[in-house]
Chemist: 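This structure is in C-alpha cells; I'll ask about it shortly.
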Number of protein chains: 2
Amino acid sequence: MEIKLFDSELKVMDILWKEGDTTAKRIAEILKEQVGWSKTTTYTVIKKCIAKGAIGRYDPDFVCHPVVTREQTRKLETTELINKMYDGAADQLVASILGWKSLSPEEIKKLKEIVSNLE
Amino acid sequence: MEIKLFDSELKVMDILWKEGDTTAKRIAEILKEQVGWSKTTTYTVIKKCIAKGAIGRYDPDFVCHPVVTREQTRKLETTELINKMYDGAADQLVASILGWKSLSPEEIKKLKEIVSNLE
DNA sequence: TCAACTGTTCTACTGCAGTAGAATGAAACT
DNA sequence: AGTTTCATTCTACTGCAGTAGAACAGTTGA
C-alpha cells in the first residue's frame, strides 16, 4: 500500500517522525513557529493525512501517530525520481550522485562494505 | 544557473534529449501519439521552455535545441529530493537505495565497478 | 488573385494543492 | 447559569501547472 504525500503533508509528517507521537495542538505550534502556518492550516493538513491513512489518532488527548514511515516515503519518492529522471535505473542514480559528490574516505569505505555485501 | 522544469516541460525535453534537435512540429507529432497531447498543448509548453531558457530555437526551420541538459536536470531534481527527504545527506540516499535491494544483478555488478573505482 | 492548408501563437478554462477565516462545541472559570 | 477561552472542524478562496480551442500568418497550388 503506497501513500503519496504532498509537500504540505510532508511538513506535518516530518514533525511526527522527529518528535514521535504528538498532539495536533503541538504540531500547530511548531509549524507556526517553523514555517508560519496558521493553526487551521495545520489542522486541515493533519485531517488530510488521517483521511489517507498516513496518520492515526488515538486517545487519550487525540494524539497523532505516524502510520506511514519516513523510510516508506523515502522509498516512494526515490522510486518516482528514478522512474521520472533515470528511466527506472537505480544504479544510474547512484552513479550520478557519486559523480557529483565527493565522499570522504570514511564514507567510501562504508559504501564499499555495503556494496560488497550485496548479493 | 538552475532551471526548474515542470512535468509537462520534461515531456518535451525528453524528446529533445532522445532525438536531438527537432522541429516543434515533430515534437507535437510524437507527443500526440505518445501521451495524447493536442498540438497546441505541445507548442505552449515548448514556448514556456524557450521563455525560461531550457530550449533554444534556430534557423533553418525553427529547430528546437535543448540548452538544458538531462544531466543538469537530473542533478537538480536529485538534489531537491535529497534536501526534501534525506536532510541533505546524499550518502544516506545511496545507502537507502542499496538497502531496498531492488537492484538487478546487472545493476549490482555495475555498481560494484563504480564504487571500486572511487577515490 | 485567391483559397486552402497548416505551423504557430493568443487567450482562456480547469483541477487541485495550499492556505486560512469563520463557525462550532466543549471545557474552565466566576 | 452565563461567559470566556481555545482546540477543532467547516467551508471556501487563491495561485498556478496543465491543457487546448480559436485566431492568425505564411506558403502552396489552382
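Note on naming: letters A, B, ... go to the chains in the order of the sequence lines (proteins, then strands), and numbering restarts at 1 for each one.
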Chemist: Is the shortest side-chain N/O distance from B/Tyr43 to OP1 or OP2 of C/dT8 below 4.0 Å?
Modeler: yes

Chemist: Between A/Ile55 (CD1) and D/dT8 (P), how many Å, whole number?
Modeler: 13 Å

Chemist: If you find the nucleotide of DNA chain C closest to B/Lys48 and the one closest to A/Gly36, which residue's nucleotide is nearer the 5' end?
Modeler: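 It is B/Lys48, whose closest nucleotide lies nearer the 5' terminus.
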
Chemist: In terms of heavy-atom contacts, does NZ of A/Lys18 have more than 12 from other residues, nucleotides or ligands at under 6.0 Å?
Modeler: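 Count over threshold, so yes.
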
Chemist: What's the CG-P distance between B/Leu31 and D/dA20, to the nearest Å?
Modeler: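 Spelled out: CG on B/Leu31 to P on D/dA20 is 11 Å.
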
Chemist: Are any of A/Trp37's side-chain N or O atoms less than 4.0 Å away from OP1 or OP2 of C/dA20?
Modeler: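 No, outside the criterion.
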
Chemist: Using only heavy-atom distances, decide whether a donor-acceptor pair under 3.5 angstrom links the side-chain of A/Thr44 to the base of C/dA20.
Modeler: yes

Chemist: Once you round it to whole Å, what is the distance between P of D/dC6 and NZ of A/Lys32?
Modeler: 13 Å

Chemist: Honestly curious: do A/Ile46 and A/Phe62 fall in one hydrophobic cluster under the side-chain, below-4.5 Å linking rule?
Modeler: no

Chemist: In whole angstrom, what separates A/Glu29's CD from D/dC6's P?
Modeler: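 Spelled out: CD on A/Glu29 to P on D/dC6 is 12 Å.
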
Chemist: Nearest to the side chain of A/Lys47, heavy atoms from C-beta on, is which of D/dT8, D/dC10, D/dA20?
Modeler: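 In terms of side-chain proximity for A/Lys47, the closest of D/dT8, D/dC10, D/dA20 is D/dC10.
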
Chemist: Rounded to whole angstrom units, what separation is found between the CD1 atom of A/Ile46 and the P atom of C/dG18?
Modeler: 15 Å

Chemist: Whole-Å distance between D/dT9 C1' and A/Ile50 CD1?
Modeler: 11 Å

Chemist: Are B/Leu76 and B/Val67 joined in one hydrophobic group, where the rule is that I, L, V, M, F, W and Y side chains link up if heavy atoms are under 4.5 Å apart?
Modeler: no

Chemist: Is NZ or CZ of B/Lys52 both nearer than 6.0 Å to the six-membered ring centre of B/Phe6 and within 45° of the ring axis?
Modeler: yes

Chemist: With respect to the side chain of A/Phe6, which nucleotide from C/dT8, C/dG18, D/dT19 is positioned closest?
Modeler: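 Of the candidates, C/dG18 comes closest.
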
Chemist: In whole angstrom, what separates A/Asp7's CG from C/dC16's C1'?
Modeler: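 Nearest whole value for this atom pair: 14 Å.
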
Chemist: Which nucleotide in the list C/dG18, D/dT19, C/dT9 gets nearest to the side chain of B/Thr41?
Modeler: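 Closest nucleotide to the B/Thr41 side chain: D/dT19.
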
Chemist: B/Ala24 near the nucleic acid: base, sugar-phosphate alone, or nothing, with a heavy-atom cut-off under 4.0 Å?
Modeler: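 B/Ala24: backbone/sugar contact only, no base atoms under 4.0 Å.
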
Chemist: Under 4.0 Å: is that the gap between some side-chain N or O of A/Lys39 and OP1 or OP2 of D/dT9?
Modeler: no

Chemist: How many Å lie between NZ on A/Lys11 and P on C/dA17, as a whole number?
Modeler: 15 Å

Chemist: Check whether any side-chain nitrogen or oxygen of B/Arg57 sits under 4.0 Å from OP1 or OP2 of C/dT8, and answer yes or no.
Modeler: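 Yes, B/Arg57 has a side-chain N/O under 4.0 Å of OP1/OP2 on C/dT8.
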
Chemist: Could a donor-acceptor pair under 3.5 angstrom be found where the side chain of B/Thr40 meets the base of D/dG21?
Modeler: yes

Chemist: For B/Ile15, which of B/Gln34, B/Glu29, B/Arg26 qualifies under side-chain contact (heavy atoms from CB on, under 4.5 Å)?
Modeler: B/Gln34

